[in-house]
Amino acid sequence: WFMVHRIREAMKDIDTTPLGGHAKIVEVDETYYGNTDEAPTHTTSGGKFLKRKPHAKRAIVTLVERAGRSRSFHFKNNPTKETIEQVLVENIDPASILATDESRLYHRVAPHFAAHGTVKHRSDEWVKGVIHTNNVESFYGVFKRGMRGTYQHCGERHLHRYVAEFDFRHNNRTALGVEDLYQP
């Protein structure tokens with residue numbers, strides 16, 4: 001267990017060059033996974049399970065460059081407009097096109113990028129021209145299946161290492177030219 005965590009820590013991406021670039025699209029979304037260490041393990045009312053609120057879960061924000069790399073961030077506290085703005089400005093090239101959902105977290109970031117398009121999931125809008133968040137949603141699908149199916153439990157103090165592992169998997173895939181075949 002100790003060694004696996006050291007390996008996950010080594011998988012952390014040290015490339016800090018901004019994602020995106022001229023006319024490239026970067027998708028951004030947040031997800032809430034697991035329970036915070038302070039949250040109760042379950043909540044019932046009249047024998048029924050209640051849906052957990054996002055503030056009782058661990059916040060993860062992921063940036064995915066279309067047909068490219070991903071970069072994820074685990075927030076100890078729920079992200080705010082200010083913290084999201086800081087993360088996006090520091091990690092995405094200003095010449096990029098930003099694609100997000102309608103979350104209020106992204107309302108302030110438009111001036112920092114070439115363009116900012118949103119889709120409204122609440123109105124069953126998933127794609128608007130080239131604007132969609134399908135790649136980042138796919139990233140979260142793989143992440144959550146892996147966390148539930150393989151690891152099953154993850155303490156909050158180690159979540160950043162698991163997120164780094166799934167970024168590593170995404171950034172070192174065949175579609176990006178990474179192969180594990182020996183070629184003499």
Side-chain angles (χ1 to χ4, degrees), residues 1-20 24 26-43 51-93 96 98-101 103 105-106 109 133-181:
W1 185 81
F2 177 81
M3 288 304 296
V4 172
H5 275 304
R6 301 290 74 75
I7 292 169
R8 284 189 187 101
E9 192 69 32
M11 289 178 170
K12 190 170 16 177
D13 193 3
I14 58 171
D15 182 5
T16 58
T17 58
L19 299 176
K24 291 186 178 179
V26 178
E27 300 175 21
V28 181
D29 200 10
E30 76 284 347
T31 193
Y32 299 89
Y33 174 77
N35 297 316
T36 60
D37 291 338
E38 298 82 29
T41 56
H42 66 280
T43 305
K51 185 175 181 181
R52 294 204 181 274
K53 303 287 184 197
H55 67 273
K57 295 183 175 271
R58 302 170 189 153
I60 301 168
V61 173
T62 301
L63 324 173
V64 175
E65 182 181 70
R66 290 258 174 97
R69 301 175 298 148
S70 69
R71 194 170 293 157
S72 299
F73 302 89
H74 166 231
F75 288 83
K76 296 277 184 195
N77 301 313
N78 281 337
T80 63
K81 292 176 186 178
E82 294 80 18
T83 56
I84 292 292
E85 181 178 22
Q86 180 182 358
V87 165
L88 299 186
V89 168
E90 290 175 359
N91 290 281
I92 300 176
D93 187 302
S96 303
L98 196 63
T100 66
D101 59 16
S103 173
L105 292 172
Y106 309 115
V109 298
T133 57
N134 295 346
N135 294 303
V136 70
E137 298 287 351
S138 174
F139 176 90
Y140 286 142
V142 171
F143 170 74
K144 288 181 177 182
R145 278 192 302 276
M147 292 302 288
R148 287 187 185 119
T150 303
Y151 302 121
Q152 299 175 13
H153 175 75
C154 169
E156 186 164 10
R157 68 184 245 192
H158 300 295
L159 183 60
H160 69 283
R161 293 186 183 112
Y162 288 92
V163 170
E165 176 185 346
F166 282 91
D167 276 340
F168 179 86
R169 291 179 186 200
H170 187 268
N171 297 338
N172 292 281
R173 62 190 193 280
T174 302
L176 295 181
V178 178
E179 294 288 342
D180 58 356
L181 301 174

To the nearest 0.5 Å, what is the distance between CG on Leu159 and NE2 on His74? 4.5 Å
Cation-aromatic face contact Arg8/Tyr162, 6.0 Å, 45 degrees: yes
Polar side-chain atom of Thr80 near backbone of Thr83 as donor-acceptor pair, under 3.5 Å: yes
Interatomic distance, CG@Leu176 vs CD@Glu65, rounded to 0.5 Å, equals 9.0 Å
For the residue pair Lys57 / Thr31, report whether a side-chain donor-acceptor contact shorter than 3.5 Å exists. no
Basic-acidic side-chain contact under 4.0 Å: Asp167, Lys12: no
Strictly distance-based, threshold 3.5 Å: is any side-chain N or O of Arg173 a donor or acceptor partner for the main-chain N or O of Phe168? no
Across all chains, not counting sequence neighbours, the ring-ring contact (aromatic ring centres under 6.0 Å, His included) partners of Phe139 are His170
If I take atom CD1 from residue Ile92 and atom CZ from residue Arg71, how far apart are they, to the nearest 0.5 angstrom? 9.0 Å
Taking NZ, NE, NH1 and NH2 as the nitrogens, is one of them in Glu165 or Arg169 under 4.0 Å from a carboxylate oxygen of the other? yes
Name the residue from Val26, Leu63, Leu88 that meets the side-chain contact (heavy atoms from CB on, under 4.5 Å) definition with Ser96. Val26
Going by atom types alone, do Thr17 and Asp15 pair a side-chain donor with an acceptor below 3.5 Å? yes
Would you please test Val61 and Ile84 for side chain to side chain contact (heavy atoms under 4.5 Å, CB included) and show each step? CA-CA 8 Å; Val61 173; Ile84 292 292; 3.5 Å; yes
I want to check something: taking the side chain as every heavy atom from C-beta on, are Arg161 and Arg6 in contact at a cut-off of under 4.5 Å? yes
Output the distance between atom CD (Glu27) and atom OG (Ser138), rounded to the nearest 0.5 Å. 9.5 Å
Does Asp29 offer a backbone N or O that forms a donor-acceptor pair with the side chain of Tyr140 under 3.5 Å? yes
Using distance alone, with no hydrogens and no angle criterion, decide if Arg69 and Asn171 have a side-chain donor and acceptor under 3.5 Å apart. no
Using ring-ring contact (aromatic ring centres under 6.0 Å, His included) as the criterion, list what pairs up with Phe73, not counting sequence neighbours. none
Can you give me the closest heavy-atom contact between Val28 and Thr133, atom names plus distance? O-CG2, 4.2 Å
Nearest heavy atoms of Val64 and Ser70, plus distance in Å: CG2-CB, 3.9 Å
Option passing side-chain contact (heavy atoms from CB on, under 4.5 Å) with Glu30 (candidates Asn78, Leu105, Ile60): Leu105
Distance from His160 atom NE2 to Phe75 atom CZ, nearest 0.5 Å? 14.5 Å
First locate atom CD of Glu90, then atom CD of Glu85, and finally report the distance between them rounded to the nearest 0.5 Å. 10.5 Å
Answer whether the closest heavy-atom distance between the side chains of Phe166 and Met147 falls below 4.5 Å. yes
Arg58 side chain near Tyr32 side chain, heavy-atom distance below 4.5 Å: no
How about Thr62 and Phe143: do any of their side-chain heavy atoms sit closer than 4.5 Å? no
